[in-house]
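Structure first, commentary second.
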Amino acid sequence: MTRLTRAVRGLVTALAAVLAVTAASATARAEPEPRAPKDFVALRTVDPTIVQEMRYFTPHDFVGRRIDGYEQPICILTRPAAEALHKAQRALLRKGYTLKVYDCYRPQRAVNHFVRWAEDLDDQAMKGEFYPNVDKTRLFEDGYIAKKSGHSRGSTMDLTIVRLPARPTRPYHPGEPLVPCFAPKSERFPDNSVDMGTGFDCFDTLAHTLDPRVQGEQRANRLLLKTTMEGAGFVNLAEEWWHYTYKPEPYPDTYFDFPVSCRSLGNGD
């Protein structure tokens with residue numbers, strides 16, 4: 001074999017390898033996104049009266065930016081959870097209130113985003129509001145961040161109560177001064193919610209649903225949410241007044257990763 005022939009053959013082999021890698025990359029890019037099982041629905045199709053303020057689609061969260069996997073600001077849930085939430089909403093509407101959801105189904109890629117953020121100890125941009133009294137090195141140990149979330153199973157939501165008529169909450173502007181999430185309601189970031197004693201996603205023991213330091217109107221509001229949700233078949237997470245899971249869960253052991261998007265729903269909602 002001549003030197004030229006060997007050179008040409010080597011060039012052809014190298015080109016073939018490049019083409020193979022390119023083709024593999026194109027195939028990977030073309031891989032379709034996972035989709036939701038058919039019994040997942042957009043909450044608005046079951047109850048359009050429930051207010052939706054999907055925080056992780058916005059920069060107003062403890063990370064300070066939109067979270068991976070939130071492609072649209074919509075609440076997605078398993079149908080049994082959505083129908084139970086509709087039952088709770090009917091009970092509150094009769095009393096002059098409405099539910100407001102902050103988060104519903106959460107893809108695993110969003111949970112992974114939380115984990116990466118928690119491991120980056122230099123990123124503490126939102127500490128002043130969401131975890132003023134917690135050292136970021138303790139977020140895993142104290143249970144504020146975990147590598148799996150019940151939200152990814154589709155029957156858990158974070159929510160609050162708003163007195164009717166519901167007035168919109170103004171948008172958060174990145175870089176604006178931060179106020180601790182446990183400050184008096186008149187001082188912390190405005191929310192059209194009733195006063196629950198802390199804001200949503202407050203990494204503090206004051207956010208424990210039955211913390212004895214929370215009394216008066218704040219405690220009454222937490223108990224109104226708790227009794228209403230329990231009456232519709234939900235169970236509260238004791239460490240977070242806003243966190244509820246429908247029982248029995250249709251997918252108690254499955255953690256989904258389809259994006260929060262209408263396109264993820266097989267029924268086209």
Side-chain angles (χ1 to χ4, degrees), residues 43-44 46-58 60-62 73-75 77 81-82 84-104 126 128-132 144 151 156-172 176 178-246:
L43 175 62
R44 67 169 182 266
V46 176
D47 192 323
T49 69
I50 296 174
V51 178
Q52 298 188 32
E53 185 182 312
M54 311 309 293
R55 284 287 190 88
Y56 299 137
F57 183 76
T58 79
H60 190 210
D61 55 50
F62 55 84
I74 60 173
C75 171
L77 292 168
L85 203 59
H86 172 59
K87 178 181 177 182
Q89 174 74 342
R90 289 204 311 269
L92 282 175
L93 288 175
R94 289 193 291 269
K95 298 177 180 180
Y97 297 96
T98 178
L99 290 168
K100 179 174 78 169
V101 289
Y102 294 114
D103 192 38
C104 299
M126 302 300 285
E129 178 173 351
F130 292 95
Y131 54 107
Y144 293 114
H151 283 270
T156 294
M157 68 284 306
D158 296 331
L159 75 175
T160 189
I161 294 173
V162 176
R163 187 181 296 276
L164 293 171
R167 295 176 176 82
T169 296
R170 75 164 177 84
Y172 164 77
E176 68 177 88
L178 301 178
V179 176
C181 54
F182 46 73
K185 182 175 173 62
S186 61
E187 298 176 15
R188 62 181 182 259
F189 187 84
D191 190 318
N192 59 2
S193 165
V194 299
D195 189 2
M196 293 291 190
T198 77
F200 165 60
D201 258 357
C202 189
F203 293 6
D204 194 273
T205 54
L206 275 173
H208 293 189
T209 307
L210 299 179
D211 187 288
R213 294 168 294 176
V214 178
Q215 294 294 326
E217 179 184 353
Q218 297 170 341
R219 188 175 186 85
N221 289 335
R222 291 188 184 190
L223 291 177
L224 174 59
L225 178 60
K226 188 172 188 288
T227 56
T228 301
M229 294 296 285
E230 288 175 346
F234 293 90
V235 175
N236 174 238
L237 178 67
E239 291 76 21
E240 299 177 350
W241 60 256
W242 54 82
H243 182 117
Y244 285 85
T245 300
Y246 175 73

*Around Arg170, counting heavy atoms of other residues, nucleotides and ligands shown, do more than 12 lie under 6.0 Å from its CZ?*
yes
*asked:* Name the residue from Asn221, Asn236, Thr198 that meets the side-chain hydrogen bond (donor to acceptor under 3.5 Å, both in side chains) definition with Trp241.
replied: Thr198
*Under the side chain to side chain contact (heavy atoms under 4.5 Å, CB included) rule, what do Asp61 and Phe200 come out as? Steps first, then yes or no, please.*
CA-CA 9 Å; Asp61 55 50; Phe200 165 60; over 6 Å; no
What is the minimum heavy-atom distance between [X] and [Y], and which atoms define it?
| X | Y | answer |
| --- | --- | --- |
| Leu77 | Cys104 | CD2-CB, 3.7 Å |
| Cys202 | Trp242 | N-CH2, 3.3 Å |
| Asp103 | His151 | OD2-ND1, 3.6 Å |
| Asp195 | Arg188 | OD1-NH2, 2.8 Å |
| Cys75 | Val101 | CB-CG2, 4.1 Å |
| Phe182 | Pro132 | CE2-CG, 3.9 Å |

Rounded distance (nearest 0.5 Å) linking atom [atom1] of [X] with atom [atom2] of [Y]:
| X | Y | atom1 | atom2 | result |
| --- | --- | --- | --- | --- |
| Thr209 | Leu237 | OG1 | CG | 7.0 Å |
| Phe234 | Met157 | CZ | CE | 4.0 Å |
| Ile161 | Thr98 | CD1 | OG1 | 9.5 Å |
| Gln89 | Asp47 | CD | CG | 5.0 Å |
| Leu99 | Arg90 | CG | CZ | 12.0 Å |
| Leu43 | Leu85 | CG | CG | 5.5 Å |

*Passes side-chain hydrogen bond (donor to acceptor under 3.5 Å, both in side chains), Asp201 versus Tyr56? Steps please.*
CA-CA 11 Å; Asp201 258 357; Tyr56 299 137; 2.4 Å; yes
*asked:* Out of the candidates Glu53, Met229, His243, Gln52, only one should pair with Leu159 under the side chain to side chain contact (heavy atoms under 4.5 Å, CB included) rule; please name it.
replied: Met229
*Out of Thr228, Thr156, Leu225, which one pairs with Tyr244 under the side chain to side chain contact (heavy atoms under 4.5 Å, CB included) rule?*
Leu225
*Should the pair Lys100-Asp191 be classified as a salt bridge under the 4.0 Å nitrogen-to-oxygen rule?*
yes
*Between Asp211 and Arg222, is there a salt bridge with N-O shorter than 4.0 Å?*
no
Report yes if some heavy atom in the side chain of [X] is under 4.5 Å from a heavy atom in the side chain of [Y]; otherwise report no.
| X | Y | answer |
| --- | --- | --- |
| Leu223 | Leu210 | yes |
| Tyr144 | Tyr131 | no |
| Tyr97 | Thr160 | no |

_Is the distance between the ring centroids of Phe203 and Phe62 under 6.0 Å?_
yes
*For the rings on Phe130 and His60, is their centre-to-centre separation under 6.0 Å?*
yes
